[in-house]
Structures are given as structure tokens and as C-alpha cells.
Amino acid sequence: MIRIFHDTNYDFLKWWKVAAIATGVFILVGLASFAWLGGVNKSIEFTGGTLMQLRFNSPPDVATLRSNIEAAGVGTPEIQQFGSNLEYTVRARDKRDVEAQASGAEGVSKVIEAALKAKYPGAVEVVRTEAVGPKVGDELQSGALKAMIFASIITLIYLAIRFEWRFGLAAVLSTGHDILVTMAFIKITHLEVSLTVVAAILTLLGYSSNDTIIIFDRVRENLRKQRRGESFRSILNRSINETLPRSVLTHATVLASVLALLLVAGEVIRPFAWVMFFGIFVATFSSIYVAGPLLLWIEGRFPRAGETAADRLRSDTATPNESAPKRPAVSASKSNR
């Protein structure tokens, strides 16, 4: 069996301030982008409208393509290259066009298709067409929001049952950080938010929580066999180091799968793969540099029974590599009496 990063003694918590500044700046850039440029780039599924994927025999002139579609009566079409220079997507989500189609007028896709076949006879193929009415778009958007809220509540309930409140609160705040950072990434990179991206965010929610739970479980185990005079900071650092081999192997495996999606899965699934690719690093970062320092602060702010705030403060300011005489490990059954 491959053994990597065993018996390490890295002082991860030493860099928590640098990590906090870095993640804070990234979130602020995302919020500034929201304030300056508006909301996220929503897909047809949420805004309503028509999307067509076109394949040409030879690369078309985009300006000519746009003017031809506008001449057919379609307002402000959005045209983007889709993979190679032979494939393009056309999005028609002008409010008037969407309302006209919803009221029974001829479909926007048929109007566009007729105009293109007249301009490029035998040289253009409609690969796929998606048409969503305004009511359906609103329902999908509402359903996606409810799914995210419901998943968050279920996660909160699980963490409340799984851990005592100190651990649970740190894990919940860490998960909230992951969602904020991911939304900032989506906004900065201008990824189109579709149901696929919502699925990626929900997947990331569970993935990140699991990563934090693994470390916190080890912290709880190490608290039972705490060495005499050992600080909580040292226990937290030791727990992160002990789970490092498992974390590296798990993240490397998932990252390989996501890279395969990015490289060969095609344009449709690529937004999902980008969010997951970014999310792997966010989950790793937050479980160490967000959840860990938060738990350290909560433990210092709210001492446990039989422990004074001054004792906890001395423990928190102790160095992670401090040496102290060991005492025999206390079994779980004895410590519960």
C-alpha cells in the first residue's frame, strides 16, 4: 500500500491569518463584482427563452450570423462559440420573444432555423434546441433555491446530531464559507448558472462537510487521549496531520475524475466540472484553515466544564510542537463515567 504524508508534523494553523486574508479578499472581489455587474449569468432554464446549438460546415462570420437572426425578428440574440469554430450557440431570451412564444406564437427556434437555412442552405445543422417559457423558468429557479436551502438545513441537522455544538457551529460556518467562495468564483469566471451548476454546488456542500467531519472526528478521538499539558491547538494540528494521508488520496482521486470531465466530457457538462474542480480545493482549504481556526476560537471563547477561560487561553497560545509529559490514555468507557 502506498504510504504518503505519514507521521508529518506540519504547523497548519500557523498560517491561518494569511489564509483568512486571502479568502476574505476573494469573497470581497466576488461581492464587488455582484454590486458592479449585477447578478450571476443565468441559463435559459432560469430566465426563459430559446437556446439552439448550431453546427456549420465552415466557420461563419459571427456579425453576419447575428444580423441575419435579428433580421428575422428575434431581438438581441446572444451568440457564443461552442467548442470548435464550427459550432455555436444562439440564445434568444428577449422578454418580448419569450412572452410571444408563451402566448402561442410561432416558436423562436423555428424562426431562427428558417432564417439560417435560407442564408446557409445545406451548410448548417441544428444540433439541439431548448425552449423554456417564463413560468417554467421561474418554477425551476424557485425549485433550485429550495433544493439548496433544504440541503443546507439537512446538513445542519446532521451536524447538530453528529457533534456537540462547538464542533457543529465551526463546521456550519465553514460550509457557509465554501458556498460564498464558490459563488464568488462563479461570478468572477462568468460561468452560466444552470441546474447542472446547482447540482455541483449541492455536491460540493456534502463533499466539504464530509472533509471537515473527518478531521473533527479525529480531534474528538485525540481529546480522549490528551497528553498532560497539551494545548487544544496542538491536538487540532496533530489531528489534521493524522488525516492528511487520507485527505490527499481522496482529493487526488476525485480531482482525476473531475479533470477527465473537464477535458473530454464536452461543453454541456463543463460548468459542472469547473465548479467541482474549484470546490475540491475550497473544501480542502476550508476544512484546515477555516473550520480549524473557528473551532480553536470557539473552544477558547467557551471553555468546557472544569476549565477556566485563562486555562484555555494559555492552551490556545501554546506552540503546536510543545513537549509535555505524557499521561496514559483514558479509555472511552472510563472517561464517560
Side-chain angles (χ1 to χ4, degrees), residues 37-141 144 186-187 189-200 258-277:
L37 301 175
V40 295
N41 178 27
K42 298 177 184 178
S43 72
I44 292 291
E45 294 166 328
F46 295 146
T47 62
T50 300
L51 179 144
M52 298 179 68
Q53 181 181 340
L54 308 173
R55 181 181 296 133
F56 293 84
N57 292 343
S58 59
D61 179 71
V62 176
T64 303
L65 179 61
R66 178 177 286 105
S67 62
N68 186 254
I69 294 174
E70 289 177 342
V74 178
T76 59
E78 303 169 20
I79 301 174
Q80 289 182 321
Q81 186 172 318
F82 193 77
S84 70
N85 62 352
L86 297 179
E87 293 194 28
Y88 288 82
T89 58
V90 177
R91 291 176 175 83
R93 40 188 170 190
D94 185 271
K95 186 176 180 180
R96 292 172 299 175
D97 295 331
V98 175
E99 290 176 349
Q101 181 170 305
S103 63
E106 184 180 12
V108 175
S109 60
K110 293 182 179 179
V111 173
I112 295 175
E113 184 176 359
L116 292 178
K117 288 188 175 179
K119 178 67 177 179
Y120 307 95
V124 60
E125 174 190 0
V126 178
V127 178
R128 66 185 173 103
T129 300
E130 298 178 10
V132 179
K135 183 177 180 181
V136 175
D138 290 341
E139 290 176 353
L140 288 174
Q141 183 170 328
I186 290 172
K187 180 58 182 175
T189 56
H190 202 59
L191 282 177
E192 186 178 66
V193 178
S194 62
L195 290 175
T196 304
V197 170
V198 172
V258 173
L259 280 175
L261 290 177
L262 273 174
L263 296 175
V264 301
E267 294 292 333
V268 175
I269 202 67
R270 193 152 289 159
F272 174 91
W274 272 120
V275 173
M276 286 302 303
F277 180 82

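All values below were derived from every heavy atom in this structure, side-chain atoms included, with hydrogens, water molecules and symmetry-related copies excluded.
A 4.5 Å side-chain heavy-atom check between V62 and Y88 finds at least one atom pair inside the cut-off. Side-chain contact check for V90 versus T50: every heavy-atom pair is 4.5 Å or farther apart. Residues K119 and T64 form a side-chain contact, since some pair of their non-hydrogen atoms from C-beta on lies under 4.5 Å apart. You'll find the side chain of L191 stays beyond 4.5 Å of the side chain of V197, heavy atoms only. Counting only heavy atoms from C-beta outward, the side chains of N57 and Y120 never approach each other to under 4.5 Å. Side-chain contact between R91 and E192 is present, with heavy atoms from C-beta onward closer than 4.5 Å.
Contact detail for P59 and N85: the closest heavy-atom pair is CG-ND2, 3.5 Å. A pairwise comparison of heavy atoms in F272 and A200 identifies CD1-CB, 3.4 Å as the closest pair. Of all heavy-atom pairs spanning V193 and I186, the tightest one is CG2-CG2, 3.7 Å. Nearest heavy atom pair, residue N68 against residue A115, reads OD1-O, 3.2 Å.
Between atom CG of residue L262 and atom CZ of residue R270 there is a gap of 6.5 Å, rounded to the nearest 0.5 Å. Between R128 atom CZ and Q53 atom CD the span is 4.5 Å, to the nearest 0.5 Å. Here CZ of R55 is found 9.0 Å from CG of L86. Values are rounded to the nearest 0.5 Å. Here the CG-CD1 distance, from L54 to I79, works out to 8.5 Å after rounding to the nearest 0.5 Å. To the nearest 0.5 Å, atom CD of residue Q80 and atom CD of residue E87 are 14.0 Å apart. In this structure, CG in L259 is found 11.5 Å from CE in M276, a value given to the nearest 0.5 Å.
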